[in-house]
Amino acid sequence: MSNPGELTPEDTLLSRMKSARRSGVVLKAKLITLRSDLPGVIFLAFEGDDDKIIYGQWIRRIRPALRYEPFPCGGKKEARELRNALRRDLARLGESMFFFVDRDYDDLRGFDGSDGVFMTDTYAVENCLEADPE
């Protein structure tokens, strides 16, 4: 009989399978599918769903006619994995794809090159939002 707090081999495998769903390889496969459905469209990769909302508001104010597809990655680690995989991709899958990440505590550490990557000046994009003065 196992201890109540101890993970079984099945639990460990399940945990690894769940985390693999958001890996750079899985995101790359999703991007391949979207690129085939949306040829010629710019892709903007964000850490998460909330980020695409914030940046979407700013983009509409700056360039309302810009046609792009938001691509949430599920976190900075996942965005970094995808970016690095695309930099090695010989089919140029990463062309017309731009990444938006938070400064966090690690800046752009781990990114293979920073061209096409925008990093906030603050810890998180939410820190750029100003409270309503009224």
Side-chain angles (χ1 to χ4, degrees):
M1 185 172 222
S2 63
N3 294 333
E6 200 174 292
L7 289 177
T8 66
E10 292 82 13
D11 291 336
T12 304
L13 178 61
L14 181 60
S15 176
R16 287 178 46 214
M17 289 171 65
K18 283 181 179 178
S19 66
R21 292 186 301 191
R22 294 186 352 192
S23 73
V25 175
V26 173
L27 289 172
K28 186 176 173 183
K30 180 181 173 186
L31 179 62
I32 290 169
T33 303
L34 283 172
R35 281 245 184 247
S36 66
D37 292 341
L38 303 167
V41 173
I42 294 171
F43 281 78
L44 303 182
F46 304 107
E47 287 185 36
D49 288 326
D50 292 342
D51 296 342
K52 77 178 185 181
I53 295 167
I54 295 167
Y55 284 107
Q57 290 292 324
W58 291 336
I59 291 167
R60 275 192 289 285
R61 289 179 179 182
I62 296 168
R63 194 163 171 196
L66 180 66
R67 186 170 171 238
Y68 71 93
E69 180 67 23
F71 194 84
C73 295
K76 186 174 186 177
K77 175 183 173 263
E78 291 80 3
R80 180 175 32 242
E81 287 177 5
L82 176 61
R83 173 68 177 139
N84 293 345
L86 293 177
R87 293 210 13 116
R88 294 185 302 268
D89 185 76
L90 299 177
R92 298 169 43 180
L93 182 61
E95 219 170 64
S96 298
M97 182 153 197
F98 303 94
F99 288 76
F100 295 80
V101 296
D102 295 335
R103 176 172 295 280
D104 294 327
Y105 59 89
D106 59 354
D107 294 345
L108 290 177
R109 196 166 306 128
F111 278 87
D112 293 343
S114 60
D115 54 313
V117 180
F118 170 81
M119 181 182 64
T120 61
D121 289 332
T122 59
Y123 181 82
V125 69
E126 291 83 0
N127 295 115
C128 297
L129 304 176
E130 193 173 303
D132 188 11
E134 295 182 49

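In this chain, numbering begins with 1 at the start of the sequence shown.
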Solution key, residues 59-66 side-chain donor-acceptor pairs under 3.5 Å, sequence neighbours excluded:
none

Under 3.5 Å, which donor-acceptor pairs do the side chains of residues 29-58 form with other protein atoms, sequence neighbours left out?
unit_1	atom_1	unit_2	atom_2	d
Thr33	OG1	Ala29	O	3.2
Arg35	NE	Leu93	O	3.1
Arg35	NH1	Val41	O	3.2
Arg35	NH2	Leu93	O	3.4
Arg35	NH2	Glu95	O	2.6
Ser36	OG	Thr33	O	2.7
Glu47	OE2	Asp102	N	2.5
Asp51	OD2	Gly48	N	3.4

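You'll find the side chain of Asn127 stays beyond 4.5 Å of the side chain of Thr120, heavy atoms only.
Between Leu82 and Cys73, the shortest heavy-atom contact is CD2-SG, 4.1 Å.
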**OP:** Would you please test Thr122 and Arg103 for side-chain contact (heavy atoms from CB on, under 4.5 Å) and show each step?
**Re:** CA-CA 6 Å; Thr122 59; Arg103 176 172 295 280; over 6 Å; no

Original post:
When you look at Phe99 and Lys76, which way does the side-chain contact (heavy atoms from CB on, under 4.5 Å) test go after all the steps?
Top reply: CA-CA 10 Å; Phe99 288 76; Lys76 186 174 186 177; over 6 Å; no

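Applying the salt bridge (Lys or Arg N to Asp or Glu O under 4.0 Å) test to pairs two or more places apart or on separate chains, those with a residue in residues 109-119 are Arg83-Asp115, Arg87-Asp115, Arg88-Asp112. Screening residues 71-95 for ring pair (Phe, Tyr, Trp, His ring centres under 6.0 Å), with sequence neighbours left out, gives no hits. For residues 72-92, there are no ring pair (Phe, Tyr, Trp, His ring centres under 6.0 Å) pairs, not counting sequence neighbours.
By the ring pair (Phe, Tyr, Trp, His ring centres under 6.0 Å) test, Tyr123 is found to be paired with no residue, residues two or more places apart in sequence or in another chain being considered. Evaluation of the side-chain hydrogen bond (donor to acceptor under 3.5 Å, both in side chains) rule for Asn84 yields no partner, not counting sequence neighbours.
Atom CG in Asp107 sits 4.5 Å away from atom CE in Met119 (nearest 0.5 Å).
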